[in-house]
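Each residue takes its place number in the sequence, starting with 1.
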Amino acid sequence: MCTSVRFSDAAGNTFFGRNLDWEFGYGESPVIAPRNWEHAWEFEDETHKQTLANLADPDPHAVIGIGIVANDTPLYFDCMNENGLAIAGLLFAGFAKYEDAPVAGKVNLAAFELPLWVTRNFTTVSQAEEALKNVAIVGKGVAGMEPSYLHWMIADGTRSIVVEYMADGMHIYNDDVDVLANQPTFPWHMENLRSYYMVSPEVPATCTWGSAELEAYGTGAGMRALPGDYYSTSRFLRVAYLNNHYPTKDTEGENVTRLFKTLQGVAMIEGASIMKTGNVEKTIFASGYSGATGTCYYEKYEDLAVRSYRLADHDLNSSQLIMVEE
């Protein structure tokens, strides 16, 4: 299970991040896809080429993200391009339904390609949103791995969207609270927020019941309806509250602190939640991205240090994938 969040600094730069919660890691690390690295899409055809010619930027963007590499292809859990457009895939089990085969007249993408396709080709959420309207997600794995059933949050400095591909096709939603968790569907999560509209950072006013005067013990009393468990619906509520009540900050350091403190508010602690496999689920890593500096930030469960990796420190015109040393 996972949680993601987006906000902007005072200058309108993207800050985006996610927790990846699972029973084990995959050997993931920071990976850069430079501008001149060439990639052939799984189902590239004339429809695909024409869509990119009409809607995509003229030249591929450099991309940095957390992932693994298979068949010389970065399989990104999350990533951001040099213009600050970011994306993360989060588990959407029981709801995601991909096509069994390519669909005629559509831009067909394997699920593992979507993060790279979005960040490689577009600068803004609005560009990506327009192109995604004619995309079909095909359930093809890679290197012997089965496809992961996900939904995606895509973000830039102004807004974010949620992309869900189900049995009836593509759904794209404007994300007014700039967060995402796991199943159920995004509209369900947004409707559920209405049951918590009264939650507030303020100390509730003193009230009277009969002749008894009731007063809060102190701060935090206005948050008492917020659930504290790790269930997807609870994490969505909690991260939406935290993200939308955190004050706007100015500096890189302040915003990176904001990002990781917000993600810590929904992080999973080892031993508190056990999966059906019998293994414990925990936050394997938290990753963050700054559109202001083109930096990827990365924190592992076993390492309290938040490490940083700047795109500008690498040859972005290279023709080879760059495996960044941790």
- Task: Tell me yes or no: between the side chains of E164 and T185, is some donor less than 3.5 Å from an acceptor?
- Result: no
- Item | D78 versus Y289, side-chain donor and acceptor atoms under 3.5 Å | yes
- Message: On a heavy-atom basis, which atom in C2 and which in R18 lie closest, and how many Å separate them?
- Response: SG-NH2, 3.4 Å
- If you measure only the distance, is there a donor-acceptor pair under 3.5 Å linking the side chains of R235 and T3? yes
- Message: Hydrophobic clustering (ILVMFWY, side-chain heavy atoms < 4.5 Å, transitive) - are F77 and L109 grouped together?
- Response: no
- Query: Can you find a pair of side-chain heavy atoms, one from I66 and one from Y298, that are under 4.5 Å apart?
  - Reply: yes
- Query: Is the backbone N or O of A11 less than 3.5 Å from a side-chain atom of N13, with the two atoms forming a donor-acceptor pair by type?
  - Reply: no
- Just wondering, do L90 and H151 contact through their side chains at under 4.5 Å, heavy atoms? yes
- Distance flag, aromatic centroids of F15 and F7, threshold under 6.0 Å: yes
- Message: What I want to find out is whether K282 reaches E302 closely enough, with some N-O distance under 4.0 Å, to be called a salt bridge.
- Response: yes
- Do you see a donor-acceptor pair shorter than 3.5 Å between the side chains of N243 and T262? no
- Message: Checking H61 against N83: is there a side-chain donor and acceptor pair closer than 3.5 Å?
- Response: yes
- Message: On a heavy-atom basis, which atom in S287 and which in L263 lie closest, and how many Å separate them?
- Response: O-CD1, 4.0 Å
- Query: So, H39 versus W117: side-chain donor-acceptor pair below 3.5 Å or not?
  - Reply: no
- Message: Side chains of E252 and T293: any donor to acceptor distance under 3.5 Å?
- Response: yes
- Query: Taking atom CD of E130 and atom CG of L55, what is their separation to the nearest 0.5 Å?
  - Reply: 6.0 Å
- Task: Keeping the roles fixed (side chain from N36, backbone from S318), state whether a donor-acceptor pair exists under 3.5 Å.
- Result: no
- Give the C-alpha distance, both sets of side-chain angles, the deciding distance and a yes or no for salt bridge (Lys or Arg N to Asp or Glu O under 4.0 Å) between E42 and K140. CA-CA 9 Å; E42 292 288 323; K140 180 179 180 180; 2.5 Å; yes
- Any chance you could measure I87, atom CD1, to T119, atom OG1, to the nearest 0.5 Å? 7.0 Å
- Task: For the residue pair I274 and N279, establish whether any side-chain heavy-atom pair is separated by less than 4.5 Å.
- Result: no
- Is the number of heavy atoms from other residues, nucleotides or ligands within 6.0 Å of OH (Y26) greater than 12? yes
- Query: Should we count OH of Y197 as having more than 12 external heavy atoms under 6.0 Å?
  - Reply: no
- If we only count heavy atoms from C-beta on, is the N108 to V103 side-chain gap below 4.5 Å? yes
- Main-chain N/O of N182 paired to S232 side chain as donor or acceptor, under 3.5 Å: yes
- The single option from P74, C79, C296, P34 passing side-chain contact (heavy atoms from CB on, under 4.5 Å) against I64: C296
- Looking only at atom types and distance, does a side-chain atom of E44 sit under 3.5 Å from a main-chain N or O of A40, one as donor and one as acceptor? no
- Query: Between V324 and I32, does a side-chain contact (heavy atoms from CB on, under 4.5 Å) hold up when you go through it step by step?
  - Reply: CA-CA 7 Å; V324 182; I32 294 174; 3.8 Å; yes
- Query: Closest approach of F236 and A181, non-hydrogen atoms and distance?
  - Reply: CD1-N, 3.8 Å
- Connected via hydrophobic side-chain network under 4.5 Å: M153 and I172: no
- Return the minimal non-hydrogen interatomic distance between A136 and K106, and the atom names on each side. CB-CB, 4.0 Å
- F285 and Y301: aromatic ring centres closer than 6.0 Å? no
- Starting at CG of D176, measure out to CE of M190 and round the result to the nearest 0.5 Å. 5.0 Å
- Would you please indicate yes or no on a ring centroid separation below 6.0 angstrom for W152 and F92? no
- Task: Give a yes or no on whether the backbone of D21 and the side-chain of N19 come within a donor-acceptor separation of less than 3.5 Å.
- Result: no
- Task: Assess whether side-chain contact (heavy atoms from CB on, under 4.5 Å) is satisfied between M223 and Y241, documenting all intermediate values.
- Result: CA-CA 9 Å; M223 298 170 56; Y241 173 83; 3.3 Å; yes
- State plainly whether one hydrophobic cluster holds both L116 and Y98, where clusters connect Ile, Leu, Val, Met, Phe, Trp and Tyr through side-chain heavy atoms under 4.5 angstrom apart. yes
- Query: Are the charged groups of E299 and R307 less than 4.0 angstrom apart, N to O?
  - Reply: no
- Message: Using side-chain heavy atoms (C-beta onward) and a distance below 4.5 Å, is V163 in contact with M170?
- Response: yes
- Query: Between the side chain of Q127 and the main-chain N/O of T124, is any donor-acceptor distance below 3.5 Å?
  - Reply: yes
- Note on the structure: Here the pair of heavy atoms bringing V203 nearest to A216 is CG1-CB, 3.9 Å
- Task: May I ask you to check whether E281 and Y230 show a side-chain donor-acceptor distance below 3.5 Å?
- Result: no
- Flag for E38-S319: side-chain donor and acceptor within less than 3.5 Å: no
- Message: Return the CZ to CG distance between F16 and L85, rounded to the nearest 0.5 Å.
- Response: 9.5 Å
- Please lay out, stage by stage, how F122 and L52 fare under the test side-chain contact (heavy atoms from CB on, under 4.5 Å). CA-CA 9 Å; F122 306 105; L52 292 183; 4.3 Å; yes
- Query: Roughly how far apart are S4 OG and R6 CZ, rounded to 0.5 Å?
  - Reply: 11.5 Å
- Task: Could you tell me whether a side-chain N or O of N71 sits under 3.5 Å from a main-chain N or O of T73, the two making a donor and an acceptor?
- Result: no
- Message: If we count only N and O atoms by modelled type, under 3.5 Å, do the side chains of W37 and D72 hold a donor and an acceptor together?
- Response: yes
- Query: Salt bridge between E129 and R159, side-chain N to carboxylate O under 4.0 Å?
  - Reply: yes
- Kindly say whether W188 contributes a backbone atom to a donor-acceptor pair with the side chain of N192 at under 3.5 angstrom? no
- Query: Hey, does I137 have a side-chain heavy atom less than 4.5 Å from the side chain of E99?
  - Reply: no
- Charged N to carboxylate O under 4.0 angstrom, E82 versus R35? yes
- Query: In terms of hydrophobic clustering (I, L, V, M, F, W, Y; side-chain heavy atoms under 4.5 Å; direct or indirect links), are I154 and V179 co-clustered?
  - Reply: no
- Message: For Q320, is the CD atom crowded, meaning more than 12 foreign heavy atoms sit under 6.0 Å from it?
- Response: no
- Take F186 and D175 through the side-chain contact (heavy atoms from CB on, under 4.5 Å) test and state the conclusion after the steps. CA-CA 9 Å; F186 180 73; D175 188 345; 3.5 Å; yes
- Message: Would you say that I161 contacts Y173 through its side chain, given a criterion of any heavy-atom pair below 4.5 Å between the two side chains?
- Response: no
- Expected output: side-chain D229 to main-chain Y231 donor-acceptor under 3.5 Å: yes
- Message: Is a donor from one side chain sitting under 3.5 angstrom from an acceptor on the other, for D156 and T14?
- Response: no
- Roughly how far, to the nearest 0.5 Å, is CG of D9 from OG1 of T251? 9.0 Å
- Message: For the backbone of D178 and the side chain of N244, can you confirm whether one donor and one acceptor N or O come within less than 3.5 Å of each other?
- Response: no
- So if you build clusters from Ile, Leu, Val, Met, Phe, Trp, Tyr with side-chain heavy-atom gaps below 4.5 Å, do L75 and W41 land together? no
- Between S29 and M323, what is the shortest heavy-atom contact and its length? OG-CE, 4.0 Å
